[in-house]
**Q** 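This is the structure I want to talk about, given as structure tokens.
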Amino acid sequence: MKLSSWILRVSLIAMVILSLVFTSLIWRNPSRLERRSTSNVQVTTENDPNVKKMEGNVYLPNQVYYTHRGQKQLLFKANANIDHEVQQAMADWHMTQVKAVGKVSPANYETYLEQDGSLQLIYQDVMSFKQFEQWFFSKQDQIKASDFHFNRVLVNLDGAVKKLTLINDATRRVYEAKLANVSQDQLQKLVTTQVTRAFPIEEKRLGNHEVAFFTQPIKLPPYAYLMDQQSANYYVSLLMPSKTASNVDAREIGDSTLYTAGSTRRMTADSGTGAIEFENYTATFPDSGLTNFLHATFKGLSDLQMTNLASMRYFQYDASRGEVVYKTYAQGFPIFNVDQKGDVTVRYTQTSQEINFSNTNLTVPIPTNQPAQTLPATATVVNQLVAAGYRASQITDILIGYQWTGSSNDQQVIDLQPTYYVEMKGEYRDYQSWLNHSSDASANAASGQTATPSNDDSSASESEPTQ
């Protein structure tokens, strides 16, 4: 064999090997290219018929209270969603007429809250009547009534159920809806079964809303969930399909990768935290009214096609920022994470729609042998915060949630530990975190602090999404 022929063969083999090496690198980490086209990514545009049904599930009330013989309790059912079971027991009821009772005095407002024999369905934040009317009852005919906001639904189970009372805690405005086709047996049976496992509570006013204070220590089980993690390319194919532009470019900026589809869509993915921010400049601000706003933000949530959509709940609405926060819930309690894993925030500005989320979410619970954990009474937590230097007036919300932590045994398993979460200065942290960072609070502590918030009046108004 001639030397030139041998050199040619060796060169060809070397080129083939180099080609395979570079191809492997590109496939394993395509974002390393400064610029590339992803127009060949295929995406299914047909809507999942189950997603629309999930909208009603996402907008279920967050908690259920029952008052009997002067004792208010939070209903809890392990390994089940009590809010969904209550809704199913009421699904065939009909609202036939709605009237405004008006703003009531603080004394009359307290009478509603403490009504004996009442079942109360509580939203974490304000809900619109039209959204509730559309999704809560399975066969509800649309009622000719003006839209309004509320966060509490009251059903009197003593005697024949004839009406729903809808209350806005912030404004103390009350509305009443007449009911038809009411069958109380299933609901009464559910309440009777669960009341023996319920947690005693009393409600205290923090700012412009009522908060459940657990009156004694309670035990809650930890949980473990399998984790679902998607690549950034998965969300590129969902949110930036090839039909929106001739190609999708990707550029690395530090630990983040910036994806752009022309001048209309952009997505930033942080490889360290898994946080993703998507911006759509072709979106328009939803039509006026909270109902339209909630529907539009749910569309943004459903576009992510998350496997845990069934466990997502509407958590918070901020009119000043034009945003809605959705959280993953476990056993009726919200899940918190320092990197906002499990959260989806959908925001509208004058020029775009923004969706902030994580590429890591929870899928299904798995068995765990961990013993139940005891949490102190809520007043004990408030007293600890006050002793650490915080003012009780700084606390705008306090609730029980599950803390998302990594598992030491399996990277695909997430441990959820129950604890108190406290909101101060617009930020939720577990109360131990606040206590561990209390040096600044001690310097600002005011004299004459009160450990337990009171039910004093505070002004509030219903607000629409800003346009």
Side-chain angles (χ1 to χ4, degrees), residues 60-75 82-83 86-87 89-90 93 95-129 131-133 136-137 143 145-179 182 184 187-188 190-191 195 198-215 290 378 397-399 452-462:
L60 283 175
N62 304 87
Q63 293 183 326
V64 181
Y65 304 160
Y66 179 59
T67 305
H68 183 60
R69 295 179 180 177
Q71 175 65 66
K72 182 175 290 186
Q73 298 171 294
L74 183 145
L75 299 187
I82 190 70
D83 54 352
V86 168
Q87 187 269 336
M90 300 169 62
W93 297 13
M95 290 186 295
T96 60
Q97 184 179 349
V98 178
K99 69 174 182 178
V101 175
K103 184 174 182 178
V104 300
S105 67
N108 287 338
Y109 169 74
E110 288 297 319
T111 300
Y112 280 109
L113 299 191
E114 302 302 326
Q115 187 175 128
D116 207 52
S118 67
L119 189 71
Q120 300 181 40
L121 315 180
I122 310 298
Y123 284 97
Q124 177 67 23
D125 209 334
V126 67
M127 173 54 56
S128 73
F129 172 72
Q131 186 79 353
F132 175 80
E133 177 190 21
F136 194 80
F137 298 108
I143 298 174
S146 299
D147 201 6
F148 58 87
H149 301 170
F150 66 95
N151 68 290
R152 183 186 303 261
V153 182
L154 186 149
V155 185
N156 191 339
L157 297 182
D158 284 352
V161 178
K162 297 181 180 179
K163 65 180 180 181
L164 288 182
T165 304
L166 303 108
I167 303 172
N168 187 322
D169 286 349
T171 63
R172 294 195 176 98
R173 292 189 178 276
V174 177
Y175 304 83
E176 290 182 352
K178 289 184 178 180
L179 293 173
V182 174
Q184 189 177 340
L187 184 59
Q188 187 69 65
L190 175 63
V191 172
V195 74
F199 301 127
I201 61 170
E202 60 182 8
E203 291 191 90
K204 299 291 184 179
R205 195 168 185 87
L206 299 182
N208 64 356
H209 69 131
E210 303 296 316
V211 175
F213 271 52
F214 294 86
T215 58
L290 181 58
T378 309
D397 196 14
I398 181 168
L399 51 80
T452 305
S454 64
N455 280 313
D456 59 343
D457 193 10
S458 63
S459 61
S461 60
E462 298 183 13

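For the numbers below, each heavy atom of this structure counts, side chains included, while hydrogens, waters and symmetry mates do not. Quick note: residue numbers are just sequence positions, from 1.
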**Q** Can you find a heavy atom in the side chain of L179 that is under 4.5 Å from one in the side chain of K162?
**A**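 Contact flag for L179/K162 side chains = no.
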
**Q** Can you find a heavy atom in the side chain of L187 that is under 4.5 Å from one in the side chain of L119?
**A**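 The answer is yes; the side chains approach within 4.5 Å.
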
**Q** Do the non-hydrogen side-chain atoms of I201 and F213 ever get within less than 4.5 Å of each other?
**A**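 No - every pair of side-chain heavy atoms lies 4.5 Å or more apart.
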
**Q** Would you call the rings of F129 and F148 parallel, tilted or perpendicular, where under 30° means parallel and over 60° means perpendicular?
**A**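 Rings of F129 and F148: parallel, as their planes differ by under 30°.
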
**Q** R205 and A170: which non-hydrogen atoms are nearest, and at how many Å?
**A**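 Shortest heavy-atom contact: NH2-O, 3.6 Å.
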
**Q** Given 3.5 Å as the limit, does a donor-acceptor pair link the side chain of E202 with the main chain of T215, or not?
**A**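 It does not hold such a pair.
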
**Q** Taking only Lys NZ, Arg NE, NH1 and NH2, and the carboxylate oxygens of Asp or Glu, determine whether K72 and E203 approach each other closer than 4.0 Å.
**A**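 Counted as a salt bridge, because a side-chain N and a carboxylate O are separated by less than 4.0 Å.
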
**Q** So D116 and E114, do their side chains get closer than 4.5 Å, heavy atoms only?
**A**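 When only atoms from C-beta onward are counted, D116 and E114 do not touch, as no gap falls below 4.5 Å.
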
**Q** Quick one: pull up CD in Q120 and CD in E210 and give me the separation to the nearest 0.5 Å.
**A**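 Separation between the atoms: 10.0 Å.
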
**Q** Thinking salt bridges, do D169 and R152 make one under a 4.0 Å N-O criterion?
**A**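 Here D169 pairs with R152 in a salt bridge, since their nearest N and O are under 4.0 Å apart.
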
**Q** Using 0.5 Å steps for rounding, measure from the CG atom of L164 to the NZ atom of K178.
**A**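 Reported value, rounded in 0.5 Å steps: 13.5 Å.
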
**Q** Does a side chain donor of either Y109 or R173 reach within less than 3.5 Å of an acceptor in the other side chain?
**A**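 The answer is no; no qualifying pair exists.
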
**Q** Looking at G117 and N156, what are the two nearest heavy atoms and their distance?
**A**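 That closest heavy-atom pairing would be O-OD1, 3.5 Å.
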
**Q** Is there a side-chain contact between L121 and V86 in this structure, where contact means two heavy atoms from C-beta onward sitting under 4.5 Å apart?
**A**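 A side-chain contact exists here, since the closest heavy-atom pair is under 4.5 Å.
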
**Q** Side chains of V64 and V191, heavy atoms from C-beta outward: is any pair under 4.5 Å?
**A**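 No, every pair of side-chain atoms sits at 4.5 Å or beyond.
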
**Q** Testing the basics here: between V126 and L290, what is the closest heavy-atom pair and its distance to 0.1 Å?
**A**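 Result for this residue pair: CG1-CD2, 4.0 Å.
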
**Q** Please verify the inter-ring angle class for Y123 with F132; under 30° counts as parallel, over 60° as perpendicular, anything in between as tilted.
**A**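 Taking F132 first and then Y123, their aromatic rings stand perpendicular (interplane angle over 60°).
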
**Q** Check whether any side-chain heavy atom of L157 sits under 4.5 Å from a side-chain heavy atom of Q188, and report yes or no.
**A**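 They are in contact (side-chain heavy atoms under 4.5 Å apart), so the answer is yes.
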
**Q** Can you give me the closest heavy-atom contact between A177 and M95, atom names plus distance?
**A**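 Distance-wise, the nearest heavy atoms are CB-SD, 3.7 Å.
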
**Q** Looking only at heavy atoms, what is the nearest atom pair of V104 and V174, with distance?
**A**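 Of all heavy-atom pairs spanning V104 and V174, the closest is CG1-CG2, 3.8 Å.
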
**Q** Side chains of D83 and Q63: is there a donor and an acceptor less than 3.5 Å apart?
**A**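 Short answer, no.
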
**Q** Decide side chain to side chain donor-acceptor pair (under 3.5 Å) for Q124 and D397; before the verdict, give the C-alpha distance in whole Å, the side-chain angles of both, and the deciding distance to 0.1 Å.
**A** CA-CA 10 Å; Q124 177 67 23; D397 196 14; 2.9 Å; yes

**Q** Report the C-alpha distance between Q184 and V155 in whole Å, list the side-chain angles of each, state the deciding distance to 0.1 Å, and finish with yes or no for side-chain contact (heavy atoms from CB on, under 4.5 Å).
**A** CA-CA 10 Å; Q184 189 177 340; V155 185; over 6 Å; no

**Q** Counting N and O atoms only, with roles assigned by atom type, does the side chain of E176 sit under 3.5 Å from a partner on the main chain of A100, one being a donor and the other an acceptor?
**A**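 A pair under 3.5 Å: no.
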
**Q** At what distance, to the nearest 0.5 angstrom, does CD1 of I122 lie from NE2 of H209?
**A**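 Rounded to the nearest 0.5 Å, the CD1-NE2 separation comes to 12.0 Å.
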
**Q** Heavy atoms only: give me the nearest T378-F214 pair and the separation to one decimal.
**A**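 So the minimum-distance heavy-atom pair works out to OG1-N, 2.7 Å.
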
**Q** Begin with the C-alpha distance, continue with both residues' side-chain angles, and end with the deciding distance and a verdict on side-chain contact (heavy atoms from CB on, under 4.5 Å) for L154 and Y65.
**A** CA-CA 9 Å; L154 186 149; Y65 304 160; over 6 Å; no

**Q** State whether a side-chain donor-acceptor pair under 3.5 Å links D158 with Q115.
**A**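 Q115 and D158 do not have a side-chain donor-acceptor pair below 3.5 Å.
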
**Q** Indicate yes or no: at least one non-hydrogen side-chain atom of I167 is less than 4.5 angstrom from one of F150.
**A**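 Not in contact.
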
**Q** When you look at I398 and L206, which way does the side-chain contact (heavy atoms from CB on, under 4.5 Å) test go after all the steps?
**A** CA-CA 9 Å; I398 181 168; L206 299 182; 3.9 Å; yes

